[in-house]
Amino acid sequence: MYLPDIYTSSPLWLTIDVERVEDANFGITPKKELDIDYPAVLERWHQLTDSHHLRSTAFVLGSFAQKFPQAIKALHDKGHEIACHGYDHQLVYQKPFEVWREQTALAKRILEDTIQAPVQGYRSPSWSLPFEKRYYEALVEMGFAYSSSYFPFKTYMYGNAIDKKNPFVITTPSGKITEIPVPKCLIPFSGGFYMRILPLFVTKRLFASLINRGVKPIIYTHPYELLPNLFQRFLSQVKLDKAYVLTFANTGESIKRFDTILQTFTEGRV
Ligand SMILES: [Zn+2]
C-alpha cells in the first residue's frame, strides 16, 4: 500500500488545504477579494511546523499555485509534500465527471511545473469526491498514488456514513490507489470548523483515543485559519450567514491549538 513519507513518519498526519477564503464553494457572500496576504500567512505555517520539527502535506489548489507559485515552491523547498486539491474549489459531485477529470489533471500539471517534482496525492475540495470506482480509476490514470478525500460523517454538504479508520487500497481496472480517510471517532474533531469550536480538552481526549487504538489522526487546516480575528475583521464587508460563521468562527485559535496538540502528541519526534 502506498503511503506518503510524511504520513508514516509522524504520530499524526499534519495537512493543510491551501486555498483562498474566496475559493471556498460554500462561499462567503458577496464573492469578493478579501485583503489577506497569503504568502505571509503561509510563513506562519513555516514557523509553526519548524517549531515542532514537523513537516506537513499541503493540498494545493491549481489556481492558488498559479497566483502564488513562489509560496508553493517555498513549501516544497522546506520539505513539505505538495499534493493536489483540484483546480478550483467547486464540489466534485456538482461537476460533470469529464470536467472534473480534465481540471484535476490540469491542476496536477500546474503543481508539478511549479515544484519541478511529481505530485502523488489528491484531496477533493470539501471531501466531495463521490465514493465510486470510476473517480478512483481516473485518479490512477492521472498518476496519483493516493487520495485523502474520504470523510466518515455525513454532513449537509459532504461525507459518507461508512466507518473507515485506516488507509485502505482501492483496486480499479487501471491499477491500485490508497485512500487515507479521516479516521472516524465519536464526532468530527481534527480540523477546520470542528477543531476551532470544540473545547480543547475534548479535542485532546479524541486525539488520544484514536492514538491509543493504533489509529493515526489527521489534522487538516486552511491558511485563513492561521490568522486572528477574521470574524470581526470582515463583518462589515461580507454577509453574516452560515458560511461566514463556518469559515471565520474562532479563527486565530487554531495556531494555539495546534501548538498544544503537536506538543502533546509529537513530543520528542523530529
Ligand atoms: Zn479545501
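Not measured: the values here are computed from a predicted model. Just follow the structure's listing: the first ligand is 1, and inside any ligand the first atom is 1.
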Query raised in the report: Tracing side-chain links under 4.5 Å among I, L, V, M, F, W and Y, which residues wind up in one group with I110?
Result: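 Y87, L106, which link up through side-chain heavy atoms under 4.5 Å apart, make up the rest of the cluster.
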Query raised in the report: Which side chain to side chain donor-acceptor pair (under 3.5 Å) pairs, counting each pair once, include a residue from residues 54-64, with sequence neighbours left out?
Result: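 Counting only pairs at least two positions apart or across chains, the side chain to side chain donor-acceptor pair (under 3.5 Å) contacts touching residues 54-64 are W13-T57, W45-S56, D50-R55, S56-H80, T57-E81.
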Query raised in the report: Sequence neighbours excluded, which residues qualify as side chain to side chain contact (heavy atoms under 4.5 Å, CB included) partners of T171?
Result: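 So T171 forms a side chain to side chain contact (heavy atoms under 4.5 Å, CB included) with V169, K176.
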**Report entry** Under 2.8 Å from the Zn ion (ligand 1) - protein N/O/S, by chain and number
**Finding:**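 Near the Zn ion (ligand 1), the protein supplies E19 OE1, H85 NE2, H89 NE2.
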Requested in this report: Without swapping roles, check the side chain of Q103 against the backbone of D88 for a donor-acceptor pair under 3.5 Å.
Outcome: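 Not at all, since once roles are kept as given, no pair shorter than 3.5 Å links the two residues.
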Report task. Would you check if the side chain of E112 reaches a backbone N or O of V119 as a donor-acceptor pair within less than 3.5 Å? Result ->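 Yes.
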Query raised in the report: Could you walk me through whether V182 and W127 pass the side-chain contact (heavy atoms from CB on, under 4.5 Å) check?
Result: CA-CA 10 Å; V182 172; W127 317 104; 3.4 Å; yes
